[in-house]
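Everything on this sheet refers to the single structure shown next.
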Amino acid sequence: MADFVLLISDWYRLNARELPWRNTKNPYFIWLSEVILQQTRVDQGMNYYLKFIENYPTLNQLADADEEAILKLWQGLGYYSRARNLHKTAQQVRDEFNGAFPKTYHEIIQLKGIGPYTAAAISSFAFDLPHAVVDGNVYRILSRYYGIDEPIDTGKGKKLFQELADSLIPEAEPALFNQAIMEFGAIQCTPNNPDCESCVLNQSCISAFNSDLIKKLPVKKGKTKVRKRYFHYLHIEKGLEIALDQRTGKDVWEKLYEFPLIEREDDTMPLEFKDSASLSYQTKHILSHQHIYAFFYKSDETEIDGLDLKFVEKSQLEDYPIHRLMEKYLESR
Ligand code: SF4
């Protein structure tokens with residue numbers, strides 16, 4: 001066990017990538033980077049991180065910002081609820097903690113939208129507290145190294161891996177160990193092609209050079225069901241204006257803007273469009289739990305039965321936060 005910690009920490013000292021959020025103890029910056037990186041590659045996340053700290057250098061500035069401006073800055077990252085939660089949590093810290101990030105794991109995890117992973121990351125990186133992070137990288141390394149086939153997507157499995165990681169984390173340098181194990185997963189013990197040949201753990205890792213085990217671990221019990229949806233959009237221009245709607249309700253892309261939409265159970269053109277519209281673009285857009293089959297029609301009509309059309313200046317279209325699917329369509333023009 002000591003070897004694992006030692007080897008992985010030494011490996012990190014030699015191989016760590018230089019990343020801007022690694023050179024700070026500012027809990028706001030650390031939190032921001034963690035939220036951005038949750039579902040994003042490091043190279044893509046980097047620009048967003050830099051844009052956010054440039055526009056909102058303090059947590060209070062983020063808290064005071066307009067939600068729409070935050071969504072606009074977030075545009076292209078997807079998972080927009082993360083941006084909205086980021087804003088709400090900043091407001092909570094501003095209002096309940098006088099804008100100073102709380103300093104204990106217990107307080108941090110009470111904040112809205114912050115789960116065990118992010119709380120452990122902030123408390124160890126910013127405050128040197130010994131809380132182990134367990135993300136996809138950590139599940140992968142620990143399951144392969146120790147040969148654990150307990151599914152990682154059950155309460156029992158999560159508890160087991162958290163306890164194991166907690167038992168490994170050294171009191172002296174908790175931040176270094178957390179960084180090391182995540183970096184090791186990102187660079188060395190990767191999902192599909194772990195480099196066992198050059199791996200410092202290959203003498204003691206149960207799965208080393210064993211492609212069957214590597215493929216099998218970590219085990220996931222149930223695959224999430226994917227929902228198929230059919231979005232039919234109408235692209236209508238009227239002089240210098242273009243029809244645009246804001247999404248409402250608890251659904252994907254909440255509060256973002258898009259063309260007027262009719263959602264159907266299938267891919268056939270809605271009756272409302274039949275007389276006036278023609279298909280100009282179609283694509284399949286994949287989200288984590290939904291596959292969206294999108295159809296974009298162009299129409300010269302400025303009134304369509306069943307749709308309450310609202311128009312905005314075409315020249316101002318790029319000021320509105322829009323989702324990736326809309327961006328894809330506009331790029332295709
Ligand atoms: S030996 Fe291979 S499977 Fe084991 S930790 Fe290293 S890279 Fe991963």
Side-chain angles (χ1 to χ4, degrees), residues 1-19 21-22 30 33-34 37-46 115-121 123-125 130-224 288:
M1 191 184 287
D3 269 3
F4 178 87
V5 176
L6 210 67
L7 287 168
I8 219 163
S9 304
D10 286 348
W11 174 91
Y12 180 73
R13 288 191 186 92
L14 288 174
N15 295 285
R17 289 167 295 177
E18 195 48 49
L19 299 171
W21 48 85
R22 292 217 172 123
I30 289 165
S33 70
E34 289 302 333
L37 291 174
Q38 262 161 35
Q39 315 276 348
T40 318
R41 291 191 325 271
V42 164
D43 52 349
Q44 191 198 7
M46 179 97 74
Y117 165 79
T118 311
S123 15
S124 66
F125 301 154
H131 291 278
V133 292
V134 181
D135 70 345
N137 289 319
V138 179
Y139 280 125
R140 187 167 61 254
I141 295 165
L142 294 181
S143 63
R144 285 176 178 171
Y145 183 82
Y146 292 101
I148 304 170
D149 59 5
E150 186 70 39
I152 60 169
D153 53 351
T154 62
K156 188 176 164 213
K158 286 192 171 105
K159 188 162 174 276
L160 187 146
F161 281 96
Q162 184 69 55
E163 282 172 0
L164 175 57
D166 284 337
S167 74
L168 293 169
I169 195 162
E171 290 273 337
E173 289 183 300
L176 184 113
F177 175 74
N178 276 342
Q179 297 278 21
I181 194 165
M182 289 199 290
E183 188 77 341
F184 195 81
I187 295 179
Q188 183 82 42
C189 193
T190 54
N192 298 322
N193 295 306
D195 185 0
C196 299
E197 192 66 46
S198 71
C199 181
V200 293
L201 300 178
N202 66 13
Q203 294 299 309
S204 43
C205 171
I206 302 264
S207 309
F209 307 105
N210 184 331
S211 55
D212 287 343
L213 268 186
I214 285 168
K215 214 186 277 169
K216 182 177 158 213
L217 299 174
V219 173
K220 272 196 180 173
K221 197 171 178 201
K223 291 235 181 301
T224 325
S288 53

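As the structure lists them, so they are numbered: ligands from 1, and atoms in each ligand from 1.
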Practice task
Kindly determine whether Tyr145 and Ile8 satisfy side chain to side chain contact (heavy atoms under 4.5 Å, CB included), including the steps that lead there.
Solution key: CA-CA 12 Å; Tyr145 183 82; Ile8 219 163; over 6 Å; no

Exercise for the section: Starting from atom 4 (Fe) of ligand 1, locate the nearest protein heavy atom and write down its residue, its atom name and how far away it is, to 0.1 Å. Expected result: Cys205 SG, 2.4 Å

Problem - Contact flag Cys199/atom 4 (Fe) of ligand 1, N/O/S atoms, threshold under 2.8 Å - result: no

Exercise for the section: With heavy atoms of Ala208 as the reference, note each atom of ligand 1 found under 4.0 Å away. Expected result: 1 (S)

Exercise for the section: Identify which one of Ile214, Asn202, Leu201 satisfies the side-chain contact (heavy atoms from CB on, under 4.5 Å) criterion when paired with Pro194. Expected result: Ile214

Exercise for the section: Please state whether the rings of Tyr146 and Phe4 are parallel, tilted or perpendicular, taking 30° and 60° as the class boundaries. Expected result: tilted

Practice task
Check Leu217 against Arg144 and note the closest heavy-atom contact, atom names and distance.
Solution key: O-NE, 3.5 Å

Handout entry: Cys189 backbone or side-chain N/O/S under 2.8 Å from atom 8 (Fe) of ligand 1
Key = yes

Problem - Test item: Asn178 side-chain N/O and Val133 main-chain N/O as donor-acceptor pair under 3.5 Å - result: yes

Problem - Residue, atom name and distance, where the atom is the protein heavy atom closest to atom 2 (Fe) of ligand 1 - result: Cys196 SG, 2.4 Å

Completion exercise
For Pro194, the atoms of ligand 1 under 4.0 Å from one of its heavy atoms are 7 (S)

